[in-house]
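Beneath this line is the structure, given in structure tokens, with notes to follow.
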Amino acid sequence: IGVTGVQTCALPIYQHEIVVEVETGKSDINANIQKCQNLSGTVVFFFLTTELRDAWQNAIPISALALTPAELDQLATVLG
């Protein structure tokens with residue numbers, strides 16, 4: 001059996017980095033925010049309580065996500 005033509009298809013492979021910073025309130029949250037500001041990809045700050053997230057909401061870069069356990073169902077939608 002002879003092969004008269006071979007076609008190849010190169011599909012681009014997309015890689016997307018996701019960084020998750022878990023905030024319990026016991027670490028230096030401000031230092032963690034600064035550390036994550038220049039990272040590429042999607043940065044998610046996961047706060048263990050809504051109160052903790054609300055206290056730091058204004059310090060989180062606009063390009064980052066700030067989630068709590070109550071909002072985990074939104075994660076798949078947000079990350080696409």
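Index from 1, following the sequence.
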Notebook entry, point to check: Is there any salt bridge (charged side-chain N to carboxylate O under 4.0 Å, His left out) pair reaching into residues 29-48, and which pairs are they, with sequence neighbours excluded?
Noted result: Glu21-Lys35
Next item on the list: For residues 61-73, pull every pair meeting salt bridge (charged side-chain N to carboxylate O under 4.0 Å, His left out), keeping only residues two or more places apart or in separate chains.
Entry: Arg53-Glu71
Item checked: Over all atoms of both residues, closest heavy-atom pair of Glu17 and Ser40 -> OE1-O, 3.5 Å
Note to self: If you count every heavy atom of other residues, nucleotides or ligands that lies below 6.0 Å from Asn38 atom CG, does the total exceed 12?
What the structure shows: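 No.
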Next item on the list: Quick one: list whatever passes side chain to side chain donor-acceptor pair (under 3.5 Å) with Thr49, sequence neighbours left out.
Entry: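 Once residues adjacent in sequence are excluded, Thr49 has no partner under the side chain to side chain donor-acceptor pair (under 3.5 Å) criterion.
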Note to self: Checking one residue: Leu39. Which other hydrophobic residues are in its cluster under the side-chain 4.5 Å linking rule?
What the structure shows: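 In the cluster with Leu39 are Val19, Ile29, Ile33, Val43, Phe45, Phe47, Leu52, Trp56, Ile60.
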Note to self: With heavy-atom distances below 4.5 Å as the criterion, would you say the side chains of Glu23 and Asn32 are in contact?
What the structure shows: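 Yes, at least one pair of side-chain atoms sits under 4.5 Å.
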